[in-house]
**Student:** 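Before anything else, here's the structure in question.
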Amino acid sequence: MGKYRPLYHFCIEHDYFDRNRCRAIGCHISPEGGDLLHRRGLLFRQLSSNEWTIFFDDMSTGVNTGSDVLTLELDITDPTLVTYTKWAEIHPDSAYLLKLPGLTESLDASECIEETAYRRKIGIGFCTVQLQFTEEMWQAAKNGNPQMCRLQFHACERKWEYLFIPQNGETGPFEKIHLEEINKRLSFVPFTKTIVYGKNVLYTVSRDTIAMKEHYPFHLKLILFSEGNRQKQVLLREVPLPSPDAFIAKDSETIRQICYY
C-alpha cells in the first residue's frame with residue numbers, strides 16, 4: 001500500500017450561509033458507489049461541513065477511465081432550504097441528477113441539476129451524483145493537481161414585511177413612527193394601520209428586495225418622532241430580523257416578521 005492522494009474534490013456552496021459554507025445539504029456514497037470504492041482501493045472522506053474528497057492509493061492500479069462511474073447521493077439536511085434558495089423549480093420530493101465532471105470547476109446548481117422523477121424512491125437522496133472518472137481527471141490527480149467541483153446554490157431575494165402590534169391595543173400617532181436601519185442601508189415605506197389576527201397593527205415593508213442571509217449586518221430600531229421630527233423616542237431598540245420560516249406572508253415574494261411594542 002502506498003500513499004493516499006486526492007483524486008477529486010467536491011464542494012457545495014450557498015451564498016445564504018456565512019462564508020458560503022452550505023450546511024443544508026449532505027453527501028454520502030451510494031451502495032453501488034461503495035462497491036466501486038472497494039474494488040479500486042479508493043477512500044471517500046468529508047473534510048469540512050460542505051466539502052468531500054475522493055482519495056486514491058498511488059501504488060494501486062487506479063481507476064478504469066473507460067467505465068468507472070462513482071455514484072453519490074445528496075441529502076437535504078435543512079427542511080427550510082427551499083425557502084431561501086433561488087431555484088424556482090426545486091421540489092423536495094422529486095428525484096434529481098447531477099453528472100460530473102462538468103465543463104467548468106464552478107457549477108450553478110439550478111442550471112446543471114436535472115429533475116428525473118416526480119417522486120424519488122425511499123432511502124435515496126434528493127439528488128444522485130454520477131462522477132465519471134476520465135483520463136484527464138486521473139492524470140491530473142497523479143500530477144498533484146486534482147480536479148474539483150464547486151456546486152453553487154444562490155439565495156433568493158425577498159422584501160421584508162413587518163407587523164407591529166401595540167401591547168395596549170392602540171396604535172397611537174402611527175404617522176410619526178418609523179422603522180429605521182441605523183446605518184441607512186435599508187428603508188421602509190411609511191406605516192399604515194390595518195387589522196391582522198383580529199388586532200390593530202402597524203404595517204410596513206422594505207422598499208427594495210434583500211438577499212436572504214443566515215446572518216445580516218443590519219440593526220433595526222422602531223422610532224417615534226415628536227416636536228416637528230426634531231426629537232425621537234426609541235420604542236424598540238432591537239427589532240428582530242425576519243427568518244425564512246418563522247411567519248407566513250400572503251405574498252411569496254416577501255418574508256414576514258411580527259413584533260410587539
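Hydrogens, waters and symmetry mates are skipped; everything else that's a heavy atom, side chains included, is used.
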**Student:** Using residues 134-141 as the side-chain source, report each donor-acceptor pair under 3.5 Å to any protein atom, sequence neighbours left out, with the distance given to one decimal.
**Tutor:**
| from | atom 1 | to | atom 2 | distance (Å) |
| --- | --- | --- | --- | --- |
| Thr134 | OG1 | Met137 | N | 3.1 |
| Glu135 | OE1 | Thr65 | OG1 | 3.0 |
| Glu135 | OE2 | Gln139 | NE2 | 2.6 |

**Student:** Does any N or O in the side chain of His178 come within less than 3.5 Å of the main-chain N or O of Glu180, such that one atom is a donor and the other an acceptor?
**Tutor:**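 The answer is no, because no donor-acceptor pair under 3.5 Å joins these two groups.
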**Student:** Measure the spacing between SG of Cys259 and CG of Leu235 and express it to the nearest 0.5 Å.
**Tutor:**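 Between atom SG of Cys259 and atom CG of Leu235 there are 12.0 Å.
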**Student:** Can you tell me which residue pairs pass the side chain to side chain donor-acceptor pair (under 3.5 Å) test with a partner in residues 215-224, sequence neighbours excluded?
**Tutor:**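 Listed once each, the pairs are Asp18-His215, His219-Glu238.
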**Student:** Applying side chain to side chain contact (heavy atoms under 4.5 Å, CB included), run through Leu151 and Leu74 and close with a yes or a no.
**Tutor:** CA-CA 12 Å; Leu151 185 63; Leu74 302 184; 4.2 Å; yes
**Student:** Where is the tightest heavy-atom contact between Thr104 and Ser106, given as atom of each residue plus distance?
**Tutor:**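 The answer is OG1-O, 2.8 Å.
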**Student:** Quick one: ring-ring contact (aromatic ring centres under 6.0 Å, His included) partners of Phe126, sequence neighbours excluded?
**Tutor:**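 If we apply the ring-ring contact (aromatic ring centres under 6.0 Å, His included) test to Phe126, skipping adjacent residues, there are no hits.
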**Student:** Between CG of Leu186 and CG of Leu241, what distance do you get to the nearest 0.5 Å?
**Tutor:**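 Reported to 0.5 Å precision, the distance equals 8.5 Å.
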**Student:** Are the side chains of Asp251 and Lys159 in touch, meaning some heavy atoms are under 4.5 Å apart?
**Tutor:**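 No - every pair of side-chain heavy atoms lies 4.5 Å or more apart.
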**Student:** With sequence neighbours excluded, what pairs up with Gln152 under the side-chain hydrogen bond (donor to acceptor under 3.5 Å, both in side chains) test?
**Tutor:**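 Per chain and number, Gln152 pairs via side-chain hydrogen bond (donor to acceptor under 3.5 Å, both in side chains) with Asn20.
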**Student:** If only atom types and distance count, is the side chain of Arg158 paired as donor or acceptor with the main-chain N or O of Ser252 below 3.5 Å?
**Tutor:**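 Flag set: sc Arg158 to bb Ser252 pair under 3.5 Å.
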**Student:** Find out whether Tyr8 and Pro146 are in side-chain contact, i.e. whether some heavy atom of one side chain is under 4.5 Å from a heavy atom of the other.
**Tutor:**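 They are not in contact (no side-chain heavy atoms under 4.5 Å apart), so the answer is no.
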**Student:** Between CH2 of Trp160 and CD1 of Ile210, what distance do you get to the nearest 0.5 Å?
**Tutor:**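 Here the rounded value is 4.5 Å.
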**Student:** Would you check if Phe44 and Leu72 make a side-chain contact, meaning some heavy-atom pair closer than 4.5 Å?
**Tutor:**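 Yes - at least one pair of side-chain heavy atoms lies under 4.5 Å apart.
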**Student:** Considering only heavy atoms from C-beta outward, does the side chain of Ile223 approach that of Val234 to under 4.5 Å?
**Tutor:**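 Result yes, sub-4.5 Å side-chain heavy-atom pair found.
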**Student:** Please assess Leu202 against Thr192 for the test side chain to side chain contact (heavy atoms under 4.5 Å, CB included), listing each intermediate value before the final yes or no.
**Tutor:** CA-CA 6 Å; Leu202 297 182; Thr192 57; over 6 Å; no
**Student:** Do Val189 and Val196 land in one hydrophobic cluster if side-chain heavy atoms of ILVMFWY residues count as linked below 4.5 Å?
**Tutor:**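 Yes: a chain of side-chain contacts under 4.5 Å links Val189 to Val196.
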**Student:** Could I get the full list of ring-ring contact (aromatic ring centres under 6.0 Å, His included) partners for Tyr162, not counting sequence neighbours?
**Tutor:**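 By the ring-ring contact (aromatic ring centres under 6.0 Å, His included) rule, Tyr162 matches Phe164, Phe188.
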**Student:** Report the residues that fulfil side-chain contact (heavy atoms from CB on, under 4.5 Å) with Thr80, sequence neighbours left out, ordered by chain and then residue number.
**Tutor:**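 In terms of side-chain contact (heavy atoms from CB on, under 4.5 Å), with neighbours along the sequence ignored, Thr80 is linked to Asp78, Thr83, Tyr84, Asp245.
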**Student:** Would Ser110 and His154 count as having a side-chain donor-acceptor pair, cut-off 3.5 Å?
**Tutor:**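 Checked: Ser110/His154 side chains show no N/O donor-acceptor pair below 3.5 Å.
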**Student:** Identify the heavy atoms of Pro242 and Gln257 that sit nearest to each other, and give their distance.
**Tutor:**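 Shortest heavy-atom contact: CA-OE1, 3.4 Å.
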**Student:** Examine distances only and state if a side-chain atom of Lys3 and a backbone atom of Met59 form a donor-acceptor pair shorter than 3.5 Å.
**Tutor:**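 Flag not set: sc Lys3 to bb Met59 has no pair under 3.5 Å.
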**Student:** Measure the shortest side-chain to side-chain distance between Ile12 and Trp52 over non-hydrogen atoms and say whether it is less than 4.5 angstrom.
**Tutor:**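 Yes, close enough: below the 4.5 Å cut-off.
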**Student:** Roughly how far, to the nearest 0.5 Å, is CZ of Arg45 from CZ of Phe55?
**Tutor:**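 Rounded to the nearest 0.5 Å, the CZ-CZ separation comes out at 8.0 Å.
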**Student:** Considering residues at least two apart in sequence or located in another chain, which fulfil the side-chain hydrogen bond (donor to acceptor under 3.5 Å, both in side chains) criterion with Glu51?
**Tutor:**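 If we apply the side-chain hydrogen bond (donor to acceptor under 3.5 Å, both in side chains) test to Glu51, skipping adjacent residues, there are no hits.
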**Student:** Just jot down the side-chain hydrogen bond (donor to acceptor under 3.5 Å, both in side chains) partners of Tyr203, sequence neighbours excluded, or say none.
**Tutor:**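 If we apply the side-chain hydrogen bond (donor to acceptor under 3.5 Å, both in side chains) test to Tyr203, skipping adjacent residues, the hits are Glu161.
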**Student:** Report the residues that fulfil ring-ring contact (aromatic ring centres under 6.0 Å, His included) with Phe133, sequence neighbours left out, ordered by chain and then residue number.
**Tutor:**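 Partners of Phe133 under the ring-ring contact (aromatic ring centres under 6.0 Å, His included) test: none.
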**Student:** Hey, what do you get for SG (Cys156) to CG (Asp15), rounding to the nearest 0.5 Å?
**Tutor:**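 Rounded to the nearest 0.5 Å, the SG-CG separation comes to 10.0 Å.
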**Student:** Counting only heavy atoms not in Tyr260, do more than 12 fall under 6.0 Å of its OH?
**Tutor:**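 It does not: Tyr260 OH has 12 such atoms or fewer within range.
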**Student:** How far does NZ of Lys199 sit from OG1 of Thr194, to the nearest 0.5 angstrom?
**Tutor:**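 Lys199 atom NZ to Thr194 atom OG1 measures 14.0 Å (nearest 0.5 Å).
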**Student:** Considering residues at least two apart in sequence or located in another chain, which fulfil the side-chain contact (heavy atoms from CB on, under 4.5 Å) criterion with Ser30?
**Tutor:**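 With neighbours one apart ignored, the set is Glu32, Thr71, Glu73.
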**Student:** Hey, is NZ on Lys86 packed in by over 12 heavy atoms from elsewhere, all under 6.0 Å?
**Tutor:**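 12 or below, so no.
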**Student:** Please identify each residue that fulfils side-chain contact (heavy atoms from CB on, under 4.5 Å) with Asn183, with sequence neighbours left out.
**Tutor:**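 For Asn183 the side-chain contact (heavy atoms from CB on, under 4.5 Å) partners, ignoring immediate neighbours, are Glu181, Arg185.
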**Student:** Treating Gln132 as the side-chain partner and Asp68 as the backbone partner, does any N or O pair qualify as donor plus acceptor under 3.5 Å?
**Tutor:**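 Yes, Gln132 side chain to Asp68 backbone: donor-acceptor pair under 3.5 Å.
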**Student:** Taking the basic N atoms (NZ, or NE/NH1/NH2) and the acidic carboxylate oxygens, is any pair closer than 4.0 Å for Glu13 and Arg21?
**Tutor:**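 Salt bridge: no.
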**Student:** Applying side-chain contact (heavy atoms from CB on, under 4.5 Å), can you list everything that pairs with Glu157, at least two apart in sequence or on another chain?
**Tutor:**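 With sequence neighbours excluded, Glu157 shows a side-chain contact (heavy atoms from CB on, under 4.5 Å) to Thr209, Ala211, given in chain and number order.
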**Student:** Please assess Phe191 against Leu179 for the test side chain to side chain contact (heavy atoms under 4.5 Å, CB included), listing each intermediate value before the final yes or no.
**Tutor:** CA-CA 8 Å; Phe191 277 109; Leu179 181 59; 4.1 Å; yes
